[in-house]
Structure formats: C-alpha cells, structure tokens
Amino acid sequence: MNRWNWAGALAAALGMGTALAQPSPATTAAPAAEKAPIKTLRYAFRVAETGFDPAQVTDLYSRTITAGIFDAPLRYAQLARPFKLEPSGCEMPEVSPDHRVFTFTVRKGLYFAPDPAFKGVKRELVAADYVYAIKRHYDPANKSGNLYVLQNAGVLGLDALREQALKTKQPFDYNREVEGLKVLDKYRWQITLKGPNPRFIHSLADPMVGAVAREVVEFYGDKIMEHPVGTAAWMLKNDEWRRSSRIVLVKNPHFRDEFYNEEPPADRPDLQAMAAKLKGRKLPMIDRIEIAIIEESQPRWLAFVKGEADLTEEVPAEFAGIAMPNGQLAPNLAKRGMQMNRYVRADAVVSYFNLEDPTVGGLQPAQVALRRAISLGTNLDQEIRLVRKGQAKAAQGLIAPQTFGFSPRFKSEMGEYDPAKAKALLDLHGFVDRDGDGWRERPDGSPLEITYHTQPDGQNRALSELWQKNMDRLGIRIRFKLAKWPENLKAARAGKLQMWGVSWSASIPDAEDHLGLAYSANIGQANYARFKLPEYDQLFERQRQLPDGPERQALLERMDKLLVAYMPYKVHVNRVFTDMTQPWVIGHDRNIFRRDFWQYLDIDPALQAQAGR
C-alpha cells in the first residue's frame with residue numbers, strides 16, 4: 001500500500017472515518033465507536049529464557065526481553081549505519097578528555113511500569129536507580145555473568161566493596177558511596193574508571209545496566225528474575241508467562257511520549273521510504289508481543305509459513321534452500337508479500353576446550369598439539385554445506401565481522417581443514433594407538449576420550465554426527481552428553497564441561513567483546529575455556545586504553561594469532577542470518593547491536609485481515 005492507503009486502512013480499522021456530513025442527532029442515533037484492534041506481534045525464540053533480571057541474565061534471548069523492559073542509559077539508533085549511540089534513559093554523557101569520567105543526566109519524566117512494589121505511587125526514574133543497577137553486578141549474591149565488563153573497565157572502588165562482602169560474608173553494602181560511582185543530584189550520576197577506556201561508553205547501551213528500582217528488588221527478593229519492572233516500552237504480563245513455553249509483553253502504560261524519528265542510511269532507499277511512512281508515529285506502535293519457545297526448527301518455520309507467526313528470526317538453515325534459493329526470496333513467498341532481511345551478525349560459533357581439564361586442557365606442547373589437531377580435523381566445509389546449508393562462512397579467528405579489529409584479509413590455521421596434518425601432530429606428540437584397537441591413547445598410555453556437551457535439537461544432532469565422523473577419522477573417541485541450554489550454560493560458567501559448542505554475539509561493534517572470552521580475569525564468566533596466558537592478558541589490557549587506529553589494530557591481530565596458536569577455542573564459523581516478516585508487518589530492519597526492535601514495528605490490520613489472520 002502507498003502511504004495514504006495505508007493510513008486510510010488504519011483509520012478504518014480504528015473506526016476513524018473520513019470527513020463526511022454529520023447526521024442530525026435528532027434523526028439518527030450516533031453509531032457506537034468501533035474498538036481499535038489489538039495489534040499483536042507473534043514470533044518464536046529457539047532457546048528458553050533463563051529469567052529477566054539484568055544483573056543475572058547473560059543469554060541472548062533473556063537479554064532481548066530485558067532490553068525491551070529496562071532502559072539502559074544509552075542505546076543504538078535503530079536504523080543508523082554506521083552504528084551510532086543515542087540517548088535512552090539518559091542524555092548523552094559528558095566525557096572527560098582522558099575517557100575516564102562519564103557524567104550522565106537522567107531524562108526527566110520517565111516512569112517505571114506500575115507494580116505492587118510501588119504501593120500505588122507513580123515512580124519516576126532517578127540517578128540513584130542507575131547507580132543501584134550497576135552496583136547489583138558487584139553483589140556476590142547475584143552471581144552476575146556480566147560483572148567482567150565492569151571489572152575490566154575498572155570502576156573505582158566497587159571491587160573493594162565486593163571483596164568486603166565476600167570476606168565478611170555480610171550483605172553487600174549498597175549504601176556506601178565509592179569514588180567510581182556517585183549520585184550527584186536527583187538526575188545526575190557519574191562513573192569514574194581507573195584508566196582511559198575510549199570504548200566504555202558502548203557498554204552503557206547494554207541491557208545489563210538497565211535502570212532497576214531498589215524497592216522492586218527488595219519487594220520480590222529471590223523471585224526478582226520473575227518480576228522485571230522497568231521504564232522502557234514493555235512490561236511482562238506475568239499471568240500469561242509460561243516458563244520455557246510462552247512469554248507475553250504488553251505496553252508499559254507509563255512509557256514516555258516517544259515518536260518515530262529514525263534516520264536510515266542514504267544508500268537504502270527502501271529504508272528511507274519506510275522511515276518516511278512511519279515518521280512522527282507514537283511509539284510503540286503495536287500493543288502486545290507473544291513469544292513462543294520452539295526449540296525445533298521445523299515447527300518454528302512452519303508456524304511462520306502458515307501465518308501463525310508474524311516474524312521469523314534467523315530462518316533455520318535447513319530451510320534456506322526453500323525459503324531463499326541462491327540468497328533470493330523464494331518466488332512463492334514473494335508472491336505472498338513476505339519480506340526478507342539478510343545480514344551478517346557480529347558473532348562467532350565456537351567449541352571451547354576447558355583448559356583446566358586433564359584431557360583437553362593445559363598449555364604443554366602435547367596438549368596444545370591435541371587441540372590444534374582436533375581443530376585441523378574439523379571439516380568446516382561440510383559443516384557449512386551439510387548442516388548450515390551455506391548460511392555461514394569459515395572463521396579465521398575469534399574476532400567477529402561488523403566489529404573494529406576484524407579483517408577479511410586475515411587467514412589462519414583456524415579455518416584450515418587438513419586431517420593428514422592433524423594425524424601427524426598427534427603422532428609426533430605421542431597420541432598413538434598402542435593396543436591396536438583403532439583408537440589413540442594419550443602419551444602416558446591412558447585412554448583418550450573427549451566428552452562434548454550439546455543440546456537435543458535437530459541442528460545440534462547434525463553437528464554431533466559431523467563431530468563423530470571427524471573424530472573417527474582421527475582415531476579419537478568422542479561421546480556426547482545432552483542437556484538443555486540453560487543447564488549447559490550454568491555448568492560451563494562453573495568450569496564443569498570439558499567441551500561445549502556455543503555462539504557468542506557481540507554487544508558492541510568492537511573486537512574486545514569477543515577477545516574478552518580469553519582474558520583470564522573473565523574466568524568463571526565469559527571465559528568458558530578458562531584460558532590464562534600472561535602475554536595475552538597484557539595485550540588485552542594495553543589495547544583497552546588505546547584509541548581505534550593502526551596501533552590498536554595490530555595488538556588485536558596479535559591476540560587473535562595467540563588464540564590460533566594455543567587453541568582454547570575452536571572457532572567454526574561466522575553465520576549469515578535471514579529474518580522474514582509477513583506482509584502486514586511494517587518497519588522491520590535488523591540492528592545487530594540492539595535487541596528491543598519491537599517498538600519500531602507496526603501491524604497493518606487491513607492486510608492481516610485480508611490474509612485471514
């Protein structure tokens with residue numbers, strides 16, 4: 001539809017007729033006003049949520065929900081390319097010349113969603129809420145999986161406050177002011193770092209620092225993961241939430257007046273037209289979001305094809321040939337008016353080795369050779385063709401596309417498949433078949449068997465089959481242990497898994513997000529491999545203080561090469577994703593560094609009704 005037909009259809013749906021002669025009230029009864037339709041966005045997650053507390057959740061799907069409920073200080077402009085920060089809960093900060101002091105002003109007139117914790121009072125967002133939200137990551141009771149981001153930045157005084165709580169085993173002292181995190185007045189607060197960090201500001205667009213009201217946390221106690229209350233556009237409808245099955249969000253009735261004013265890049269006329277159509281519309285434009293948890297790809301895809309879902313994120317790889325042959329929207333789907341958005345996410349799919357495990361861990365030459373051999377024996381071409389159906393590219397290192405530090409010219413052993421070279425490495429370092437049963441033993445003669453932890457869905461079953469073939473070819477026994485994703489995540493952070501396959505999506509457009517997976521200070525949090533190498537740590541700390549440029553680029557590349565050499569992570573691929581929407585969905589475009597895209601979408605009721613949905 002063109003702009004005016006679309007507006008007319010919407011007006012009709014809302015019962016807002018065009019300008020007609022008004023009938024005389026004496027002769028004609030006034031017709032009852034038609035009730036506006038409830039605009040609902042329906043789609044699915046492929047992994048269950050773990051909860052909704054910004055200080056505790058680390059997985060992509062739970063963080064997607066928290067991003068829609070809680071206002072971080074900043075956010076990424078939805079359509080701007082290159083990616084650009086803009087105000088969210090706060091105005092853009094004052095930043096000291098040495099990038100150590102960041103002073104924020106909370107936007108006035110922002111209110112938390114209504115909740116019993118507020119006892120009927122409309123609660124305004126203030127500076128103390130951000131200070132409290134950040135301190136919560138340091139509280140040992142919360143076991144924050146994102147604490148490393150703040151600790152790596154070096155917020156002055158908070159580590160000491162945390163250590164005091166750990167040492168005394170007393171509750172964390174939220175009332176104690178520290179040098180690095182202060183409330184200046186009702187709306188202004190300040191964060192100070194121990195050293196320069198030109199990119200720290202990007203971390204303040206992350207939902208992990210979404211503003212939280214202290215009285216809500218204290219009201220719900222250990223049930224806070226089930227009761228998210230924020231100031232952003234959405235709120236959880238608790239009475240319709242079914243854990244690991246269905247999540248329902250509705251509009252926050254206290255959400256501020258915010259209007260569509262996106263500025264897409266000049267080389268995207270399609271986005272320019274879309275933004276012009278939506279400009280000035282009050283956000284959010286839809287009323288309700290229903291998210292089903294569907295782990296298997298087939299029912300998730302079929303729900304979209306049948307019109308039971310309005311959006312499908314990341315079209316499953318096994319249906320890529322049907323949905324988008326040769327990277328183009330299939331004619332039958334195009335005829336139905338469906339829309340496709342294809343993009344490269346800043347992510348890396350990895351299998352990590354637990355460096356503390358006696359079988360695959362250690363930095364001794366033989367142990368490094370074992371991990372390198374496993375990497376060289378991993379057939380990425382088959383993984384991309386057979387399992388991922390061409391929707392990925394072989395990775396050369398841990399630095400992901402779409403981030404500063406990534407170079408398409410960088411090539412390494414990480415992307416190499418050479419089983420003969422792998423076997424030679426194993427032979428050279430004593431991993432040989434001593435008893436003639438066809439399987440290699442360790443250099444000390446003990447059995448060599450690796451355990452790979454995974455999930456029971458279709459794609460992971462296919463990946464496990466490929467792992468089996470690859471390791472059989474090398475003469476290495478491998479067995480698989482299945483568990484749900486949240487269970488594997490918990491065990492990985494505790495160092496209890498020998499190997500696990502997981503993807504890591506960057507939350508900022510910079511290599512540091514991925515390279516932090518190997519920084520030793522992050523062991524127990526993001527560093528699942530529990531990798532510890534002094535040279536790497538020194539480079540990580542040095543690059544953090546440098547501005548973007550050739551010097552920093554060289555350090556990032558050196559770090560990537562160290563990871564190839566020691567192989568704590570086997571980086572498999574960088575994935576290519578495709579989202580699809582039904583013809584009645586308006587305004588969709590993927591911003592890979594922003595989770596809360598729902599408020600920028602609209603549903604055309606006329607087109608939806610026309611399709612019988």
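Quick note: residue numbers are just sequence positions, from 1.
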Mind checking whether [X] and [Y] have parallel, tilted or perpendicular rings, split at 30° and 60°?
X	Y	result
Y61	F45	tilted
F593	Y76	tilted
W485	W500	tilted

Is there a donor-acceptor pair closer than 3.5 Å between any side-chain N or O of [X] and the backbone N or O of [Y]?
X	Y	answer
E49	S244	yes
Q391	K389	yes
N488	T454	yes
K423	G475	no
E413	V564	no
Y148	N527	no
N522	Q525	no
D560	L398	yes
K570	M414	yes
S412	Q396	yes

E383 and N379: side chain donor to acceptor below 3.5 Å
no
Practice prompt. Would you check if there is a donor-acceptor pair between the side chains of N470 and T378 at a distance under 3.5 Å?
Written response: no
* **Criterion side-chain contact (heavy atoms from CB on, under 4.5 Å) on L363 and F531, from CA distance to verdict** => CA-CA 9 Å; L363 298 180; F531 180 63; 4.0 Å; yes
Are any non-hydrogen side-chain atoms of [X] and [Y] less than 4.5 angstrom apart?
X	Y	answer
T192	K182	no
F200	L193	yes
K532	L355	no
V432	L426	no
D510	R552	yes
L563	V571	no
D347	F577	yes
Q459	R388	yes

Within this structure, what is the [atom1]-[atom2] distance for the pair [X] and [Y], rounded to the nearest 0.5 Å?
X	Y	atom1	atom2	result
R46	E314	CZ	CD	4.5 Å
E356	I523	CD	CD1	6.0 Å
L370	I450	CG	CD1	7.5 Å
L425	I374	CG	CD1	11.0 Å
D139	R162	CG	CZ	8.0 Å
I201	I508	CD1	CD1	11.5 Å

Under 4.0 Å between a side-chain nitrogen and a carboxylate oxygen: does that hold for [X] and [Y]?
X	Y	result
K469	E465	no
R530	D357	no
E551	R542	yes
E441	R434	no
R477	D437	yes
D457	R300	no

ask   = For E487 and K481, what are the C-alpha separation, side-chain angles and deciding distance, and is it a salt bridge (charged side-chain N to carboxylate O under 4.0 Å, His left out)?
value = CA-CA 12 Å; E487 296 170 26; K481 190 169 182 180; over 6 Å; no
- Query: Could you walk me through whether V149 and D206 pass the side-chain contact (heavy atoms from CB on, under 4.5 Å) check?
  - Reply: CA-CA 10 Å; V149 176; D206 193 291; over 6 Å; no
Please indicate whether [X] has more than 12 foreign heavy atoms, meaning atoms of other residues, nucleotides or ligands, lying under 6.0 Å from its [atom1].
X	atom1	value
Q164	CD	yes
R479	CZ	no
R243	CZ	yes

Practice item. Start with the C-alpha distance between Y130 and F104, add both sets of side-chain angles, then the distance that settles ring-ring contact (aromatic ring centres under 6.0 Å, His included), and finish with yes or no. Key: CA-CA 10 Å; Y130 280 109; F104 285 90; 7.7 Å; no
(Q) Evaluate L150 against Y138 for side-chain contact (heavy atoms from CB on, under 4.5 Å), listing each step before the verdict. (A) CA-CA 9 Å; L150 299 166; Y138 288 82; 3.2 Å; yes
Mark yes or no: R544 above the aromatic ring of Y519, with NZ or CZ under 6.0 Å from the six-membered ring centre and no more than 45 degrees from the axis. yes
On the ring face of Y566, is R371 found with NZ or CZ under 6.0 Å from the centre and within 45° of the axis? no
If you compare all heavy atoms of [X] against all heavy atoms of [Y], which two are closest, and at what distance to 0.1 Å?
X	Y	answer
A72	A205	CB-C, 4.0 Å
H227	V216	O-CG1, 4.1 Å
A483	P456	O-CD, 3.5 Å
G51	S62	O-CB, 3.3 Å
G362	V368	O-CG2, 4.4 Å
M567	S375	CE-OG, 3.6 Å

message = Using the ring centroid of each side chain, check whether W241 and F52 are separated by less than 6.0 Å.
response = yes
Quick check on the 6.0 Å ring-centre criterion: do Y174 and Y132 meet it?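 Close enough - the centres of the two rings lie under 6.0 Å apart.
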| task | Might you work through the side-chain hydrogen bond (donor to acceptor under 3.5 Å, both in side chains) test for S446 and D444, ending with a clear yes or no? | result | CA-CA 6 Å; S446 61; D444 63 2; 2.6 Å; yes
Yes or no on side-chain contact (heavy atoms from CB on, under 4.5 Å) for V576 and V344, after CA distance, side-chain angles and deciding distance?
CA-CA 5 Å; V576 178; V344 177; 4.2 Å; yes
